[in-house]
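Convention: sequence-line order gives letters A, B, ...; per-chain numbering from 1.
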Amino acid sequence: MAFHELKDISVREYCAQKIAEPLGLPAGEVTQNFAEPPDSSLGDLSFKTFSLSKKTGKPPHVLASDISRGLKDIEEFSVEPAGPYLNISFNAPFVCSHAVRRSLGAGSFWGVSDKGKGKTIVIDYSSPNIAKPFGVGHLRSTVIGASICRILRHTGYDVVGINHLGDWGTQFGIILAGLEEEKIDLSSLGSGALRKAYEIYVKYSALSKENPAFMDKARSWFSRLEKKDPDALKFWETIRESSLNEFKKTYSRLGIEFERYLGESFYFDKTSSVLDMFAEKNLSKKDQGATIVPLEEYGLPPVLLTKSDGSTLYSTREIASALYRLSEFNPFKLLYVVGIPQELHFKQLQAALEKAGIIDKEKIVHAGFGHIQGMSSRKGNLVFLEDFLEEAASRAKTKIREGEHAQAEGADPDELAFSIGAGAVIFNDLKNKRTRDVDFDWDRALSFEGETGPYLQYAHARICSILRKAGDFREDPSLCLSLESQEEKRLALAIDSFPEHVLKASEEYEPSVVSRYLLALAGDFSTFYHSHRVLSSDNTIMQARLNLLKACKSTLSQGLSLLGIKPVEVM
RNA sequence: GCCCUCGUAGCUCAGUGGAUAGAGCAUCGGUUUCCUAAACCGGGGGUCACAAGUUCGAAUCUUGUCGGGGGCGCCA
């Protein structure tokens with residue numbers, strides 16, 4: 001394969017093929033042994049010969065020099081043996097023109113692959129509890145889940161995003177019992193109903209922990225709800241309706257849409273068939289009045305299907321929902337973006353369904369995330385998402401005023417401030433591996449400097465600014481054959497590796513792969529930007545750099561969109 | 001008690017078998033008659049919790065110890 005035949009593989013893959021061919025190896029085996037050289041002066045990429053040495057019996061340093069001798073005539077890169085390593089230096093014009101051709105050629109499909117073609121992934125995320133305000137804690141599942149959805153779609157999967165609202169359960173018993181205690185008619189409160197319900201919930205859930213008599217009352221109210229008692233249902237509907245309206249406002253501001261809102265209540269009347277199924281298969285039994293499914297063979301505690309009063313549990317409804325999703329969508333995977341504290345429950349869910357012969361447990365994937373600690377406002381209370389976004393936007397607005405640049409460009413300051421503030425907040429939740437616990441720090445989460453969302457948006461805005469000033473130019477990747485510098489080559493290499501990072505992110509259900517990649521890309525851009533002028537340089541060079549920048553802009557923009565951050569054109 | 005997870009620079013984190021362990025923040029110094037300084041360049045700062053083991057080679061794999069967090073049938 002020669003230079004001009006390279007259509008949609010990265011220079012990295014091309015290089016792997018060139019090394020693999022004479023060795024009679026699959027290119028993938030070479031890719032696995034690629035590494036970053038410790039110092040960029042050694043090369044752009046290095047190949048480790050250790051595992052090949054194990055196979056062939058030849059010492060690593062001999063292999064390195066043997067291979068390098070066979071690759072002397074390749075024009076796209078040069079190789080230099082260094083002990084057991086083979087250091088590879090790409091030819092800058094080749095890399096620049098290739099990366100630009102690939103990315104601009106793909107247009108809005110840049111980074112898209114067909115790996116998931118024909119496969120459906122059902123993803124459960126956000127799933128807030130009704131009757132509780134939407135806090136910063138819930139932002140994590142929402143933002144991570146929404147990003148995974150976009151990444152999976154980019155990888156070709158059909159994605160069904162489901163909001164599994166916590167709209168059923170004993171918590172409603174607590175609220176209803178509390179309302180009875182205080183003789184409050186919720187439906188007469190109109191728009192204040194939600195706030196009142198939350199007040200009641202906070203007050204009485206604390207009470208229920210130390211007062212068993214009250215807890216019994218709450219349980220009996222929930223039992224009435226499950227028996228469709230009209231009074232109970234009426235209050236429940238009022239609370240559900242007003243909560244859902246609030247949530248939808250927030251989702252819409254963040255650009256998030258769900259395919260389905262299917263809360264726990266939706267599965268309530270489907271739980272009896274779950275009970276029947278486990279009973280028919282002889283897998284469930286009564287224990288101290290409750291119905292359980294033992295899971296000893298999985299080394300797990302039993303899962304409870306009913307309480308001793310016969311009412312269902314979270315786990316029952318979870319099983320019902322899994323059965324529903326399986327039959328409704330025929331999915332490749334059922335993905336759950338839910339906190340790590342619930343890991344055991346998902347292991348039980350996998351085990352119970354596998355034991356019942358319904359699925360292999362690998363079909364259920366718990367993409368867990370670490371929980372947030374130390375999350376409180378300076379007053380010491382729960383941080384409400386709306387307040388948080390507002391504070392972020394207000395800080396961004398101050399910055400915009402200081403800069404005066406966005407104003408000059410005629411951007412809407414409120415809209416822009418929101419995009420930047422939200423960019424900081426969202427990126428703060430996506431920049432680290434999702435499994436990490438988060439030490440919440442208000443000021444750090446709202447920072448606009450360093451490894452932040454606004455840093456990425458800023459890089460994007462600067463490119464946009466240059467392109468605006470440049471006006472029309474000839475879009476032609478081959479112009480980039482005139483680019484020779486180290487900074488341009490590094491930027492092009494980064495651009496070229498976008499698709500493989502998207503793919504990795506989708507395989508690991510891990511948005512931070514994209515986040516980290518974008519930080520590196522923006523860093524390469526900034527370094528380039530400060531060492532080379534674009535406008536008012538030699539015309540050929542300028543045209544070439546404009547092409548390179550356009551490719552970089554496209555990549556930043558695609559990447560930011562995958563994270564749910566708006567790639568703003570002005571800052 | 002049992003199970004899971006984390007422990008890397010002052011702080012927040014990258015880095016899952018290979019070259020002198022990286023980044024951001026903070027700190028110190030430099031860059032603005034130059035496409036936006038929300039940026040860039042450089043300095044200082046680490047016995048990768050500890051111990052043993054596997055390996056030619058370990059921050060990375062195994063075991064143990066210590067420390068943080070989480071979970072363990074009628075909450076979700």
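Here B:G10 is in the anti range [glycosidic angle more than 90° from 0].
Contact annotation: A:T170 side-chain N/O to B:C75 OP1/OP2 distance is under 4.0 Å. Using a 4.0 Å cut-off, some side-chain N or O of A:R219 falls inside it from OP1 or OP2 of B:C75.
The nearest pair of heavy atoms linking A:S315 to A:L304 is OG-O, 2.8 Å. Residues A:I541 and A:S482 share a closest heavy-atom pair of CD1-O, 3.7 Å. Residues A:F247 and A:P128 come closest through the heavy atom pair CE1-CG, 3.4 Å.
With B:C56, B:A23, B:C4 as the choices, the nucleotide that has an atom nearest any side-chain atom of A:K54 turns out to be B:C56. Taking every side-chain heavy atom of A:M215 into account, B:C75 is the closest of B:C75, B:G69, B:A19.
Separating the NE2 atom of A:H371 from the C1' atom of B:C6 is a distance of 11 Å, rounded to the nearest angstrom. Between the P atom of B:G70 and the NE2 atom of A:H366 lies a distance of 16 Å, rounded to the nearest Å. Atom CG in A:N432 sits roughly 5 Å away from atom C1' in B:C13 (whole-Å rounding). We find that NE2 of A:H501 is positioned 15 Å from P of B:A14, with the value rounded to whole Å. When rounded to the nearest whole Å, the span between CZ of A:F34 and P of B:G17 equals 17 Å. If you measure from atom CD1 of A:I372 to atom P of B:G70, you get 14 Å, rounded to the nearest angstrom. With rounding to whole Å, A:K48 atom NZ is found 15 Å from B:A58 atom P. Across the protein-nucleic acid pair, A:R317 atom CZ and B:C74 atom P stand 14 Å apart, rounded to whole Å.
Residue contacts shown for A:P38 include a base, since a base heavy atom lies under 4.0 Å away. Using a 4.0 Å heavy-atom criterion, one finds that A:Q342 contacts the bases of the nucleic acid, with or without backbone contacts as well. Within 4.0 Å (heavy atoms only), A:D167 reaches no atom of the nucleic acid at all. A:N129 comes within contact range of the sugar-phosphate backbone alone, with a heavy-atom separation under 4.0 Å but no base atom that close. Among the protein residues, A:K433 comes within range of the sugar-phosphate backbone only, with heavy atoms under 4.0 Å from sugar or phosphate atoms but none that close to a base. Looking at heavy-atom distances under 4.0 Å, A:Q288 makes contact with a base. Using a 4.0 Å heavy-atom criterion, one finds that A:G169 contacts the sugar-phosphate atoms exclusively.
Between A:F440 and A:W442, the angle of the ring planes goes over 60°, which puts this pair in the perpendicular group of the 30/60° scheme.
Paired with A:Y204 under the rule ring pair (Phe, Tyr, Trp, His ring centres under 6.0 Å), one option of A:F172, A:F214, A:Y198 passes, and it is A:F214.
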(Q) How would you summarise protein contacts on nucleotides 35-49 of chain B per nucleotide, using B for base, S for sugar-phosphate only and - for none, with heavy-atom distances below 4.0 Å? (A) BBSBBSS--------
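Judged by a 6.0 Å distance limit and a 45° cone about the ring axis, A:R12 is not positioned over the six-membered ring of A:F34.
One C1' atom belongs to B:C66, the other to B:A49, and the distance between them is 8 Å to the nearest Å. Nucleotides B:G7 and B:A59 are separated by 14 Å at their P atoms, to the nearest Å. Spacing of C1' atoms, B:G1 relative to B:C61, comes out at 28 Å, to the nearest Å. Rounded to whole Å, the separation between the P atoms of B:C13 and B:U20 comes to 29 Å. If you take atom P in B:U16 and the same atom in B:C56, they sit 23 Å apart, rounded to whole Å. Spacing between B:G15 and B:C74 at atom P, rounded to whole Å, works out to 37 Å.
Atoms CG and CD1, from A:D167 and A:I239 in turn, are 11.0 Å apart once rounded to the nearest 0.5 Å. Within the model, atoms OG1 of A:T555 and NE2 of A:H501 stand 12.0 Å from one another, a figure rounded to the nearest 0.5 Å. With values rounded to the nearest 0.5 angstrom, A:L548 atom CG is found 13.5 Å from A:K489 atom NZ.
At distances below 3.5 Å, not a single donor-acceptor pair connects side-chain atoms of A:S46 with backbone N or O atoms of A:N87.
Both A:A82 and A:R434 lie close to RNA chain B; mapped to their nearest nucleotides by heavy-atom distance, the more 5′-ward contact belongs to A:R434.
Side-chain N/O atoms of A:S46 and base N/O atoms of B:A19 include a donor-acceptor pair closer than 3.5 Å.
Remark: RNA chain B forms stems of 3 or more consecutive Watson-Crick or G-U wobble pairs, all pair distances under 3.5 Å, at B:1-7 with B:66-72, B:10-13 with B:22-25, B:27-31 with B:39-43, B:49-53 with B:61-65.
Pairs engaging residues 296-307 of chain A under the side-chain hydrogen bond (donor to acceptor under 3.5 Å, both in side chains) rule: A:T170-A:K307, A:T291-A:T306, A:E297-A:K355, A:Y298-A:E354 [sequence neighbours left out].
A distance below 6.0 Å separates the ring centres of A:F266 and A:Y324.
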